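In this text, all values refer to a predicted model and were calculated from it rather than measured experimentally. Each chain gets a letter, A, B and so on, in the order the sequences are listed, and its residues count up from 1. Just the heavy atoms: all of them, side chains too, but no hydrogens, waters or symmetry mates, feed the values below.
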There are 2 protein chains.
Amino acid sequence: MSDPACFAIGDLARQTGTKVNTIRFYEEIGLLPCPMRTASGRRTYNAADVRRLSFIRHGRSLGFSVDEIRSLLALSDQPERDCGEAAAIARQHLRDIEERIARLQTLRSALVGVAASCDGGRAADCRVIEAIAGVALPANA
Amino acid sequence: MSDPACFAIGDLARQTGTKVNTIRFYEEIGLLPCPMRTASGRRTYNAADVRRLSFIRHGRSLGFSVDEIRSLLALSDQPERDCGEAAAIARQHLRDIEERIARLQTLRSALVGVAASCDGGRAADCRVIEAIAGVALPANA
DNA sequence: GATACAATCTACAGTAGCTGTAGAAGCAAG
DNA sequence: CTTGCTTCTACAGCTACTGTAGATTGTATC
């Protein structure tokens, strides 16, 4: 209502860089709890929702699936539970994360090398395609 | 047919780690050319298809959209064209790639730090969630 | 108080990029 | 010739959103 610590869905959207529809979607699939409503039925949020949603968005952008995020959130919702489960989820990601970093770095250096030299050349001589193909097929290099 | 350099969709799938349905899907959306068919209508592929599909798969796993891959492939299909376009596509990705690397590295070191200490503890003390939340909300750290 | 305009509501359709399934046909081995 | 795997087409389903329609509410202005 007029509680200063209490704000609307649009504010939550702005604070977290999330679309309003996406917030409602997360509520629907149970990532966000059903919020309090005003007398007229509008959702109201607080600082805890900002943290939770930021957690979700960053998890997503780092490649965690909604289900993995769900289990991490469930864990933090029930802090008495053993956290080996969280560590297991995290470990599953570690290898994948390291591989992604390595491949992104390979691509990055290829792109950096190309950026200066490529403009105006012919595609036949273009190293971008070569670079990605090379990342794809190191055995052919 | 009995051409040794010519193989079936299942072989292409195995050689590239792609699902058969996905190969047909790429053909449908124009990423892969319509292949030759045997008399009975089965698709036949060759080494060039393996390279092209590997390029596509690696591009995808590195975060390139199908449309971006399409334009890179179009470029390599018409090597006489100017490659500034390819460089532009690449440059658009460079910034994003660097940001991803940075965030993945932040998460990586958080996960590495957690891995040894976390098992058996309580979720309340678990640093995995904290770590991801931290990556999510650096301003709160 | 009337009016305009933005924000919100529900409900549902559409998108990207696959993935799975059904049912028929082809092919290779025993 | 039968068993069993692969392939075929066609289409439905999935994940994670994103957009749109039409109604309602809240707010600022006259």
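We find that CD1 of A:Ile56 is positioned 13 Å from C1' of D:dA16, with the value rounded to whole Å.
For DNA chain C, the span of nucleotides reached by chain B at under 4.0 Å from its heavy atoms goes, 5' to 3', from C:dG17 to C:dC27.
B:Arg57 and B:Tyr26 share a donor-acceptor pair across their side chains, judged by distance under 3.5 Å alone.
Residues passing the salt bridge (charged side-chain N to carboxylate O under 4.0 Å, His left out) test with A:Arg43 are A:Glu27, sequence neighbours excluded. The side-chain contact (heavy atoms from CB on, under 4.5 Å) check on B:Arg42 picks up B:Thr38, B:Ser40, with sequence neighbours excluded. Judged as a salt bridge (charged side-chain N to carboxylate O under 4.0 Å, His left out), and not counting sequence neighbours, the contacts of B:Arg14 are B:Asp11. By the side chain to side chain donor-acceptor pair (under 3.5 Å) test, A:Arg24 pairs with A:Asn21, sequence neighbours left out. A:Thr18 pairs by the side chain to side chain donor-acceptor pair (under 3.5 Å) definition with A:Thr16, not counting sequence neighbours. Residues that satisfy the salt bridge (charged side-chain N to carboxylate O under 4.0 Å, His left out) test with B:Arg60, not counting sequence neighbours, are absent from this structure. By the salt bridge (charged side-chain N to carboxylate O under 4.0 Å, His left out) test, B:Arg70 is found to be paired with B:Asp67, residues two or more places apart in sequence or in another chain being considered. Residues passing the side chain to side chain donor-acceptor pair (under 3.5 Å) test with B:Asn46: none are found, sequence neighbours excluded.
Scanning residues 17-27 of chain B for heavy-atom distances under 4.0 Å to DNA chain C yields B:Lys19, B:Asn21, B:Thr22, B:Phe25, B:Tyr26.
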Can you give me the N/O atom pairs linking the protein to nucleotides 25-29 of chain D at distances under 3.5 Å, or say none if there are none?
| residue | atom | partner | partner atom | Å |
| --- | --- | --- | --- | --- |
| D:dT25 | O4' | A:Arg42 | NH2 | 3.4 |
| D:dT25 | O3' | A:Ser40 | OG | 3.3 |
| D:dT25 | O2 | A:Arg42 | NH2 | 3.0 |
| D:dG26 | OP1 | A:Ser40 | OG | 2.8 |

